[in-house]
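This report concerns only the one structure given below.
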Amino acid sequence: MSNLKSSWVESANNAETQFPLNNLPYGSFSTADGEPQCGVAIGDMVLNVAALEIAGTLSFEGTLGTGDWTAFMALGKGSWKRLRSELTALLSADSKSRLDVEPHLVPLKDAKLHLPFKVCEYTDFYAGKHHAINVGTMFRGAENALPPNWLHIPIGYNGRASSVIVSGTPVRRPNGQLKGPNDDVPHFGPSQRFDIELEMGAIVGQASDDAISVQEAFDNIFGYVLLNDWSARDIQAWEYQPLGPFQGKATANTISPWIVTAAALEPFRCPTPEREKELLPYLQEPSPMLYDIDLKVGLTPQGGSETIITQTNYNEMYYSSAQQLAHHSSSGCPMNVGDLLGSGTISGPDKGSRGSLLELSWGGKEPFTLDTGEQRSFIEDGDTLTLYGAAKGDGYQIGFGSCEGKLLAAAPIKNPDTP
Ligand code: MN
(Lines give C-alpha, C1' and ligand atoms only; values in the text may rest on other atoms or scores of the structure.)
Protein backbone atom coordinates (compact mmCIF):
# COMPACT_ATOMS: atom_id res chain seq x y z
CA MET A 1 0.00 0.00 0.00
CA SER A 2 1.33 3.37 -0.97
CA ASN A 3 1.61 6.10 1.62
CA LEU A 4 2.07 8.76 -1.05
CA LYS A 5 -0.13 11.77 -0.24
CA SER A 6 -2.10 12.82 -3.30
CA SER A 7 -1.86 16.39 -4.66
CA TRP A 8 -3.60 18.31 -7.43
CA VAL A 9 -0.07 19.10 -8.69
CA GLU A 10 0.15 16.07 -10.99
CA SER A 11 3.96 15.84 -11.06
CA ALA A 12 3.95 15.33 -7.27
CA ASN A 13 1.96 12.11 -7.56
CA ASN A 14 4.52 9.48 -8.40
CA ALA A 15 6.94 7.29 -6.50
CA GLU A 16 9.96 8.79 -8.29
CA THR A 17 9.52 12.49 -7.53
CA GLN A 18 11.83 13.93 -4.86
CA PHE A 19 9.16 16.37 -3.79
CA PRO A 20 5.79 14.68 -3.15
CA LEU A 21 3.20 16.27 -0.84
CA ASN A 22 4.79 14.21 1.98
CA ASN A 23 8.00 16.29 1.67
CA LEU A 24 7.30 20.05 1.27
CA PRO A 25 10.92 21.25 1.60
CA TYR A 26 11.71 24.94 2.05
CA GLY A 27 14.01 26.88 -0.28
CA SER A 28 14.79 30.34 -1.59
CA PHE A 29 14.32 30.96 -5.31
CA SER A 30 14.30 33.73 -7.88
CA THR A 31 13.17 34.03 -11.48
CA ALA A 32 14.62 36.31 -14.18
CA ASP A 33 15.94 39.42 -12.42
CA GLY A 34 13.67 39.11 -9.39
CA GLU A 35 14.65 39.07 -5.72
CA PRO A 36 14.94 35.75 -3.82
CA GLN A 37 11.60 34.54 -2.42
CA CYS A 38 10.63 31.82 0.03
CA GLY A 39 9.42 28.81 -1.93
CA VAL A 40 8.24 25.26 -1.30
CA ALA A 41 9.03 22.46 -3.75
CA ILE A 42 6.12 20.31 -4.93
CA GLY A 43 6.65 17.85 -7.82
CA ASP A 44 8.46 19.76 -10.58
CA MET A 45 7.19 23.14 -9.36
CA VAL A 46 8.03 25.63 -6.65
CA LEU A 47 5.25 27.40 -4.78
CA ASN A 48 5.87 31.10 -4.07
CA VAL A 49 4.73 31.30 -0.44
CA ALA A 50 5.83 34.94 -0.18
CA ALA A 51 3.10 35.76 -2.72
CA LEU A 52 0.60 33.63 -0.76
CA GLU A 53 1.32 35.63 2.37
CA ILE A 54 0.79 38.92 0.50
CA ALA A 55 -2.50 37.52 -0.85
CA GLY A 56 -3.56 36.64 2.71
CA THR A 57 -3.78 32.89 2.06
CA LEU A 58 -0.96 32.34 4.58
CA SER A 59 -0.18 34.53 7.60
CA PHE A 60 3.14 34.22 9.45
CA GLU A 61 3.94 37.76 10.61
CA GLY A 62 5.41 38.64 7.22
CA THR A 63 8.31 36.22 7.65
CA LEU A 64 7.56 34.48 4.35
CA GLY A 65 8.37 37.75 2.58
CA THR A 66 11.93 38.01 3.91
CA GLY A 67 13.61 36.02 1.09
CA ASP A 68 14.77 33.10 3.23
CA TRP A 69 13.59 30.93 6.14
CA THR A 70 15.57 32.41 9.04
CA ALA A 71 12.82 34.72 10.36
CA PHE A 72 10.20 32.01 9.94
CA MET A 73 12.30 29.48 11.90
CA ALA A 74 12.56 31.98 14.76
CA LEU A 75 8.75 32.00 15.12
CA GLY A 76 9.02 28.58 16.73
CA LYS A 77 7.52 25.14 16.69
CA GLY A 78 3.86 26.17 16.70
CA SER A 79 4.37 28.06 13.43
CA TRP A 80 6.48 25.24 11.94
CA LYS A 81 3.61 22.82 12.54
CA ARG A 82 0.88 25.21 11.36
CA LEU A 83 2.60 26.09 8.06
CA ARG A 84 3.19 22.43 7.20
CA SER A 85 -0.42 21.62 7.98
CA GLU A 86 -1.78 24.59 5.95
CA LEU A 87 0.46 23.82 2.95
CA THR A 88 -0.62 20.17 3.04
CA ALA A 89 -4.27 21.26 2.96
CA LEU A 90 -3.73 23.84 0.17
CA LEU A 91 -1.90 21.36 -2.08
CA SER A 92 -3.81 18.14 -1.37
CA ALA A 93 -5.94 16.55 -4.07
CA ASP A 94 -9.16 17.52 -2.29
CA SER A 95 -8.11 21.15 -1.67
CA LYS A 96 -10.75 23.81 -2.25
CA SER A 97 -8.09 26.50 -2.71
CA ARG A 98 -6.52 25.32 -5.95
CA LEU A 99 -7.62 28.41 -7.88
CA ASP A 100 -5.99 30.71 -5.30
CA VAL A 101 -2.75 28.73 -5.16
CA GLU A 102 -2.13 27.67 -8.76
CA PRO A 103 -1.12 31.14 -10.07
CA HIS A 104 1.80 31.12 -7.61
CA LEU A 105 3.44 27.94 -8.92
CA VAL A 106 6.66 28.38 -10.91
CA PRO A 107 8.38 25.55 -12.85
CA LEU A 108 11.49 24.46 -10.95
CA LYS A 109 13.46 24.55 -14.18
CA ASP A 110 12.91 28.34 -14.36
CA ALA A 111 13.96 28.94 -10.75
CA LYS A 112 17.42 29.93 -9.58
CA LEU A 113 18.05 28.59 -6.07
CA HIS A 114 19.78 30.48 -3.25
CA LEU A 115 20.88 29.66 0.30
CA PRO A 116 17.59 28.80 2.07
CA PHE A 117 18.62 30.45 5.39
CA LYS A 118 21.26 32.82 6.73
CA VAL A 119 23.99 30.59 8.12
CA CYS A 120 24.67 32.02 11.56
CA GLU A 121 27.59 29.84 12.65
CA TYR A 122 28.94 26.57 11.31
CA THR A 123 30.28 23.61 13.31
CA ASP A 124 31.49 20.37 11.81
CA PHE A 125 31.69 17.04 13.62
CA TYR A 126 33.67 13.83 13.20
CA ALA A 127 30.98 11.40 14.28
CA GLY A 128 30.97 8.59 11.70
CA LYS A 129 32.79 5.62 13.18
CA HIS A 130 33.76 3.89 9.93
CA HIS A 131 35.22 7.17 8.66
CA ALA A 132 37.09 7.85 11.91
CA ILE A 133 38.55 4.35 11.90
CA ASN A 134 39.55 4.54 8.22
CA VAL A 135 41.22 7.94 8.57
CA GLY A 136 42.74 7.10 11.95
CA THR A 137 44.23 3.90 10.54
CA MET A 138 45.79 5.80 7.64
CA PHE A 139 47.21 8.58 9.86
CA ARG A 140 48.08 6.76 13.10
CA GLY A 141 47.92 3.01 12.45
CA ALA A 142 45.13 0.50 13.20
CA GLU A 143 45.94 0.27 16.94
CA ASN A 144 45.52 4.02 17.49
CA ALA A 145 42.77 4.60 14.93
CA LEU A 146 40.10 5.83 17.37
CA PRO A 147 41.31 8.42 19.90
CA PRO A 148 40.35 7.48 23.50
CA ASN A 149 37.68 10.23 23.69
CA TRP A 150 35.91 9.20 20.48
CA LEU A 151 33.40 6.75 21.99
CA HIS A 152 32.45 9.32 24.67
CA ILE A 153 32.24 12.67 22.84
CA PRO A 154 31.00 13.78 19.43
CA ILE A 155 34.27 15.46 18.36
CA GLY A 156 33.91 18.69 16.40
CA TYR A 157 35.53 21.98 15.42
CA ASN A 158 34.21 25.47 14.79
CA GLY A 159 34.15 26.16 11.06
CA ARG A 160 33.31 29.31 9.10
CA ALA A 161 29.73 30.27 8.25
CA SER A 162 31.18 32.36 5.41
CA SER A 163 32.34 29.16 3.69
CA VAL A 164 28.80 27.80 3.23
CA ILE A 165 27.52 28.04 -0.36
CA VAL A 166 24.48 26.71 -2.19
CA SER A 167 24.55 23.80 -4.63
CA GLY A 168 25.66 24.78 -8.13
CA THR A 169 28.25 27.32 -7.00
CA PRO A 170 31.69 26.45 -8.46
CA VAL A 171 34.55 25.81 -6.03
CA ARG A 172 38.11 26.97 -6.68
CA ARG A 173 40.96 24.63 -5.77
CA PRO A 174 42.66 26.21 -2.77
CA ASN A 175 46.26 27.28 -2.47
CA GLY A 176 47.90 26.68 0.85
CA GLN A 177 50.97 25.85 2.85
CA LEU A 178 52.04 22.30 2.15
CA LYS A 179 54.65 20.06 3.66
CA GLY A 180 57.52 19.40 1.27
CA PRO A 181 59.40 16.13 0.86
CA ASN A 182 61.73 17.52 3.52
CA ASP A 183 59.58 18.02 6.65
CA ASP A 184 61.02 21.36 7.76
CA VAL A 185 60.78 23.13 4.37
CA PRO A 186 57.12 23.74 3.50
CA HIS A 187 56.02 25.50 0.32
CA PHE A 188 52.95 27.42 -0.84
CA GLY A 189 50.90 26.15 -3.77
CA PRO A 190 47.70 24.49 -5.01
CA SER A 191 46.39 21.59 -2.91
CA GLN A 192 47.20 18.30 -4.65
CA ARG A 193 44.87 16.25 -2.44
CA PHE A 194 41.54 18.05 -2.70
CA ASP A 195 38.61 15.98 -1.49
CA ILE A 196 34.94 15.87 -0.54
CA GLU A 197 33.19 14.75 2.63
CA LEU A 198 29.68 13.30 2.33
CA GLU A 199 27.71 14.72 5.26
CA MET A 200 24.29 15.80 6.43
CA GLY A 201 23.78 19.28 7.88
CA ALA A 202 21.33 19.92 10.73
CA ILE A 203 19.81 23.41 11.00
CA VAL A 204 19.15 24.85 14.44
CA GLY A 205 15.73 26.53 14.39
CA GLN A 206 15.45 27.73 17.99
CA ALA A 207 17.99 29.61 20.07
CA SER A 208 19.23 28.35 23.45
CA ASP A 209 21.53 30.12 25.90
CA ASP A 210 22.40 27.31 28.29
CA ALA A 211 22.89 23.54 28.27
CA ILE A 212 19.93 21.72 26.69
CA SER A 213 18.96 18.05 26.85
CA VAL A 214 19.16 15.70 23.89
CA GLN A 215 15.33 15.83 23.68
CA GLU A 216 15.35 19.65 23.66
CA ALA A 217 18.09 19.59 21.05
CA PHE A 218 16.05 17.23 18.87
CA ASP A 219 13.03 19.53 19.17
CA ASN A 220 15.15 22.60 18.27
CA ILE A 221 16.38 21.16 14.96
CA PHE A 222 14.27 22.62 12.16
CA GLY A 223 15.49 20.44 9.31
CA TYR A 224 18.32 18.91 7.34
CA VAL A 225 20.32 19.47 4.15
CA LEU A 226 23.03 17.50 2.34
CA LEU A 227 26.46 18.94 3.02
CA ASN A 228 29.78 18.55 1.18
CA ASP A 229 32.71 19.57 3.37
CA TRP A 230 35.36 20.20 0.69
CA SER A 231 38.69 19.29 2.27
CA ALA A 232 42.31 19.89 1.26
CA ARG A 233 43.97 16.82 2.78
CA ASP A 234 47.54 18.03 2.29
CA ILE A 235 46.89 21.44 3.87
CA GLN A 236 44.98 19.67 6.67
CA ALA A 237 47.71 17.09 7.35
CA TRP A 238 50.35 19.82 7.82
CA GLU A 239 48.29 22.19 9.95
CA TYR A 240 46.00 20.04 12.11
CA GLN A 241 48.12 19.44 15.22
CA PRO A 242 47.49 20.48 17.92
CA LEU A 243 44.33 22.58 17.37
CA GLY A 244 42.51 20.76 14.55
CA PRO A 245 41.38 21.74 11.04
CA PHE A 246 41.78 25.34 9.84
CA GLN A 247 42.60 26.37 6.24
CA GLY A 248 42.21 22.82 4.93
CA LYS A 249 38.47 23.11 5.68
CA ALA A 250 37.88 26.81 5.03
CA THR A 251 37.48 26.90 1.24
CA ALA A 252 33.85 25.87 0.83
CA ASN A 253 31.00 23.84 2.27
CA THR A 254 28.26 23.19 -0.28
CA ILE A 255 24.70 22.53 0.91
CA SER A 256 21.66 21.29 -1.00
CA PRO A 257 19.12 24.06 -1.69
CA TRP A 258 16.09 22.60 0.09
CA ILE A 259 15.60 22.35 3.85
CA VAL A 260 13.91 18.99 4.40
CA THR A 261 12.06 19.47 7.68
CA ALA A 262 12.38 17.18 10.67
CA ALA A 263 8.58 16.81 10.37
CA ALA A 264 8.88 15.31 6.86
CA LEU A 265 11.57 12.89 8.09
CA GLU A 266 9.57 11.74 11.13
CA PRO A 267 8.56 8.35 9.57
CA PHE A 268 12.26 7.56 8.98
CA ARG A 269 13.61 7.89 12.52
CA CYS A 270 15.99 5.14 13.58
CA PRO A 271 18.36 4.53 16.49
CA THR A 272 22.08 5.16 16.55
CA PRO A 273 24.18 1.96 16.51
CA GLU A 274 24.70 -0.04 19.68
CA ARG A 275 27.02 1.76 22.14
CA GLU A 276 30.40 0.22 22.71
CA LYS A 277 30.82 2.27 25.87
CA GLU A 278 27.89 3.68 27.77
CA LEU A 279 27.49 7.40 27.18
CA LEU A 280 27.29 9.89 30.03
CA PRO A 281 23.62 10.61 30.84
CA TYR A 282 23.61 14.07 29.19
CA LEU A 283 24.34 12.40 25.81
CA GLN A 284 21.89 9.51 25.99
CA GLU A 285 19.01 9.51 23.52
CA PRO A 286 15.53 9.07 25.02
CA SER A 287 14.22 7.74 21.67
CA PRO A 288 15.56 7.10 18.12
CA MET A 289 16.86 10.42 16.71
CA LEU A 290 18.83 9.35 13.66
CA TYR A 291 17.22 8.89 10.23
CA ASP A 292 17.24 6.21 7.55
CA ILE A 293 18.35 8.24 4.49
CA ASP A 294 20.02 6.67 1.45
CA LEU A 295 23.03 8.69 0.30
CA LYS A 296 25.28 8.55 -2.73
CA VAL A 297 27.95 10.59 -4.49
CA GLY A 298 28.53 11.03 -8.23
CA LEU A 299 31.74 12.18 -9.92
CA THR A 300 31.46 13.68 -13.41
CA PRO A 301 34.73 14.49 -15.19
CA GLN A 302 34.81 17.56 -17.47
CA GLY A 303 32.79 16.66 -20.58
CA GLY A 304 32.24 13.09 -19.35
CA SER A 305 29.47 11.07 -17.78
CA GLU A 306 28.75 10.51 -14.11
CA THR A 307 30.05 7.58 -12.04
CA ILE A 308 28.45 6.83 -8.67
CA ILE A 309 31.54 6.46 -6.49
CA THR A 310 29.90 5.66 -3.16
CA GLN A 311 26.56 4.63 -1.63
CA THR A 312 25.81 4.65 2.06
CA ASN A 313 23.16 5.66 4.61
CA TYR A 314 22.85 8.36 7.28
CA ASN A 315 21.99 5.59 9.77
CA GLU A 316 25.73 4.74 9.89
CA MET A 317 26.40 7.73 12.20
CA TYR A 318 27.52 6.94 15.75
CA TYR A 319 26.05 10.20 17.11
CA SER A 320 22.81 11.89 16.00
CA SER A 321 22.57 15.63 15.35
CA ALA A 322 20.49 15.92 18.53
CA GLN A 323 23.37 14.44 20.55
CA GLN A 324 25.81 16.77 18.80
CA LEU A 325 23.67 19.83 19.53
CA ALA A 326 23.20 18.81 23.18
CA HIS A 327 26.96 18.35 23.51
CA HIS A 328 27.62 21.68 21.76
CA SER A 329 25.41 23.46 24.30
CA SER A 330 26.80 21.56 27.32
CA SER A 331 29.40 24.22 28.19
CA GLY A 332 26.74 26.93 28.15
CA CYS A 333 27.61 27.77 24.54
CA PRO A 334 24.73 29.85 23.15
CA MET A 335 23.18 28.34 20.01
CA ASN A 336 21.37 30.53 17.50
CA VAL A 337 18.69 30.28 14.83
CA GLY A 338 20.50 29.37 11.61
CA ASP A 339 23.42 27.54 13.20
CA LEU A 340 24.50 24.70 10.91
CA LEU A 341 25.94 21.45 12.29
CA GLY A 342 27.79 19.15 9.89
CA SER A 343 27.33 15.49 10.86
CA GLY A 344 30.85 14.37 10.02
CA THR A 345 31.72 12.18 7.05
CA ILE A 346 29.27 9.33 6.57
CA SER A 347 31.04 6.12 5.58
CA GLY A 348 29.62 2.63 5.73
CA PRO A 349 31.53 -0.57 6.56
CA ASP A 350 32.35 -1.53 2.95
CA LYS A 351 34.75 -0.17 0.37
CA GLY A 352 31.84 1.00 -1.82
CA SER A 353 30.30 3.00 1.00
CA ARG A 354 33.16 5.33 1.91
CA GLY A 355 32.22 9.00 2.12
CA SER A 356 35.48 10.63 0.94
CA LEU A 357 38.03 10.12 -1.83
CA LEU A 358 40.73 9.89 0.86
CA GLU A 359 39.09 6.64 1.99
CA LEU A 360 38.03 5.44 -1.48
CA SER A 361 41.64 5.68 -2.74
CA TRP A 362 43.10 4.75 0.68
CA GLY A 363 45.17 7.91 0.97
CA GLY A 364 45.92 7.92 -2.75
CA LYS A 365 47.61 4.50 -2.63
CA GLU A 366 44.74 2.66 -4.36
CA PRO A 367 43.31 4.87 -7.13
CA PHE A 368 39.80 3.86 -8.20
CA THR A 369 38.44 3.64 -11.73
CA LEU A 370 35.51 5.65 -13.10
CA ASP A 371 33.00 4.23 -15.58
CA THR A 372 34.80 6.28 -18.26
CA GLY A 373 38.01 4.31 -17.57
CA GLU A 374 39.78 7.28 -15.98
CA GLN A 375 41.38 6.86 -12.57
CA ARG A 376 41.07 9.08 -9.51
CA SER A 377 42.78 9.40 -6.16
CA PHE A 378 41.62 12.96 -5.48
CA ILE A 379 39.51 15.52 -7.35
CA GLU A 380 40.85 16.90 -10.64
CA ASP A 381 40.13 20.33 -12.11
CA GLY A 382 36.84 20.27 -14.04
CA ASP A 383 35.35 17.41 -12.00
CA THR A 384 31.81 17.91 -10.72
CA LEU A 385 30.94 16.21 -7.43
CA THR A 386 27.27 15.67 -6.61
CA LEU A 387 25.70 14.40 -3.38
CA TYR A 388 22.23 12.81 -3.47
CA GLY A 389 19.95 11.84 -0.61
CA ALA A 390 16.50 10.30 -0.26
CA ALA A 391 14.49 8.69 2.53
CA LYS A 392 12.56 5.82 0.93
CA GLY A 393 8.96 5.33 2.03
CA ASP A 394 6.15 3.08 0.82
CA GLY A 395 5.31 4.41 -2.66
CA TYR A 396 7.12 7.71 -2.15
CA GLN A 397 10.49 9.23 -1.27
CA ILE A 398 11.63 12.32 0.57
CA GLY A 399 14.36 13.82 -1.65
CA PHE A 400 16.87 16.54 -0.81
CA GLY A 401 17.62 17.82 -4.31
CA SER A 402 21.22 17.59 -5.42
CA CYS A 403 24.24 19.12 -3.70
CA GLU A 404 26.70 19.80 -6.48
CA GLY A 405 29.88 21.72 -7.16
CA LYS A 406 32.41 21.87 -9.97
CA LEU A 407 36.09 22.25 -9.15
CA LEU A 408 37.88 25.11 -10.92
CA ALA A 409 41.66 25.39 -11.25
CA ALA A 410 43.54 27.16 -8.46
CA ALA A 411 44.04 30.90 -8.69
CA PRO A 412 47.51 32.08 -9.72
CA ILE A 413 49.73 32.62 -6.70
CA LYS A 414 50.37 36.33 -6.14
CA ASN A 415 53.41 35.87 -3.90
CA PRO A 416 55.18 32.71 -4.95
CA ASP A 417 57.69 31.54 -2.40
CA THR A 418 60.19 30.76 -5.11
CA PRO A 419 61.31 33.51 -7.53
MN1 MN B 1 33.75 17.26 7.73
Side-chain angles (χ1 to χ4, degrees), residues 7-12 17-55 57-75 79-80 83-84 86-88 90-91 97-98 100-119 164-170 201 203 205 222-228 253-261 263-264 337-338 340 386-390 398-406:
S7 171
W8 53 261
V9 180
E10 268 313 311
S11 58
T17 181
Q18 296 196 71
F19 309 125
L21 185 56
N22 308 58
N23 192 347
L24 299 176
Y26 300 149
S28 173
F29 78 101
S30 61
T31 50
D33 299 328
E35 292 293 309
Q37 305 284 347
C38 286
V40 176
I42 177 82
D44 59 11
M45 309 293 272
V46 52
L47 177 62
N48 184 339
V49 291
L52 283 181
E53 188 162 41
I54 290 168
T57 311
L58 296 170
S59 178
F60 289 86
E61 302 179 33
T63 57
L64 303 181
T66 57
D68 67 43
W69 292 86
T70 309
F72 172 79
M73 287 195 284
L75 293 180
S79 294
W80 305 354
L83 176 60
R84 182 167 172 80
E86 291 181 10
L87 286 170
T88 303
L90 290 172
L91 291 164
S97 311
R98 176 172 177 169
D100 299 328
V101 174
E102 203 160 15
H104 303 296
L105 286 174
V106 176
L108 262 176
K109 64 175 171 51
D110 299 335
K112 178 175 163 52
L113 300 174
H114 308 271
L115 279 177
F117 65 105
K118 288 179 193 75
V119 182
V164 180
I165 54 178
V166 75
S167 175
T169 312
I203 300 157
F222 180 69
Y224 292 83
V225 288
L226 303 172
L227 188 153
N228 178 0
N253 285 273
T254 303
I255 63 170
S256 51
W258 299 102
I259 303 172
V260 174
T261 61
V337 175
L340 176 65
T386 310
L387 277 47
Y388 304 94
I398 301 291
F400 283 75
S402 57
C403 175
E404 114 179 12
K406 179 177 181 174

(request) Measure the CG-CG distance between Leu387 and Leu227 for me, rounded to the nearest 0.5 Å. (result) 8.5 Å
(message) Test your reading of the model: is there a side-chain donor-acceptor pair from Asn228 to the backbone of Cys403, 3.5 Å cut-off?
(response) no
(request) Hey, could you give me the CG/CD1 distance between Leu87 and Ile42, rounded to the nearest 0.5 Å? (result) 9.0 Å
(message) If you compare all heavy atoms of Ala51 against all heavy atoms of His104, which two are closest, and at what distance to 0.1 Å?
(response) CB-ND1, 3.4 Å
(request) For the residue pair Ile255 and Pro116, establish whether any side-chain heavy-atom pair is separated by less than 4.5 Å. (result) yes
(message) My understanding is that only one of Phe19, Tyr26, Phe400 makes a ring-ring contact (aromatic ring centres under 6.0 Å, His included) with Trp258; could you say which?
(response) Phe19
(request) Determine, step by step, whether Thr261 and Leu24 satisfy the side-chain contact (heavy atoms from CB on, under 4.5 Å) criterion, reporting the C-alpha distance in whole Å, the side-chain angles of both residues, the deciding distance to 0.1 Å, and the verdict. (result) CA-CA 8 Å; Thr261 61; Leu24 299 176; over 6 Å; no
(message) Walk me through whether Val225 and Leu340 qualify under side-chain contact (heavy atoms from CB on, under 4.5 Å).
(response) CA-CA 10 Å; Val225 288; Leu340 176 65; 4.2 Å; yes
(message) Between Thr254 and Thr169, is there a side-chain heavy-atom distance shorter than 4.5 Å?
(response) no
(message) Under the rule for side-chain contact (heavy atoms from CB on, under 4.5 Å), what residues qualify as partners of Thr70, not counting sequence neighbours?
(response) Asp68, Phe117, Lys118, Val337
(message) Could you check, using the six-membered ring where one of them is a Trp, whether Trp69 and Phe222 have ring centers closer than 6.0 angstrom?
(response) no
(request) Rounded to the nearest 0.5 Å, what's the gap from CD on Glu102 to CG on Leu91? Could you check? (result) 10.5 Å
(message) Working to the nearest 0.5 angstrom, can you tell me the gap between Thr17 OG1 and Ile398 CD1?
(response) 10.0 Å
(request) Give the C-alpha distance, both sets of side-chain angles, the deciding distance and a yes or no for side-chain contact (heavy atoms from CB on, under 4.5 Å) between Leu64 and Leu52. (result) CA-CA 9 Å; Leu64 303 181; Leu52 283 181; over 6 Å; no
(request) Determine yes or no for a side-chain-to-main-chain donor-acceptor pair under 3.5 angstrom, with Ser256 supplying the side chain and Leu226 the backbone. (result) yes
(message) Using 0.5 Å steps for rounding, measure from the OG atom of Ser28 to the CD atom of Glu35.
(response) 10.0 Å
(request) Please check if the side chain of Ser402 supplies one atom and the backbone of Tyr388 the other of a donor-acceptor pair under 3.5 Å. (result) no
(message) What I'd like to find out is whether the side chain of Met73 reaches to under 4.5 Å of the side chain of Ile203, using heavy atoms alone.
(response) yes
(message) On a heavy-atom basis, which atom in Glu53 and which in Gly62 lie closest, and how many Å separate them?
(response) OE2-N, 3.1 Å
(message) Checking the side chain of Ser11 only, and the main-chain atoms of Asp44 only, is there a donor and an acceptor separated by less than 3.5 Å?
(response) yes
(message) Walk me through whether Asn48 and Phe29 qualify under side-chain contact (heavy atoms from CB on, under 4.5 Å).
(response) CA-CA 9 Å; Asn48 184 339; Phe29 78 101; 3.8 Å; yes
(request) Please report the closest heavy-atom contact between Gly399 and Asn23, naming both atoms and the distance. (result) O-ND2, 2.9 Å
(message) Rounded to the nearest 0.5 Å, what separates atom CD in Gln37 from atom CD1 in Ile54?
(response) 7.0 Å
(message) Quick one: does any side-chain atom of Glu86 pair with a main-chain N or O of Leu58 as donor and acceptor, under 3.5 Å?
(response) no
(message) Could you check whether any side-chain N or O of Trp8 sits under 3.5 Å from a backbone N or O of Leu90, counting only pairs where one atom can act as donor and the other as acceptor?
(response) yes
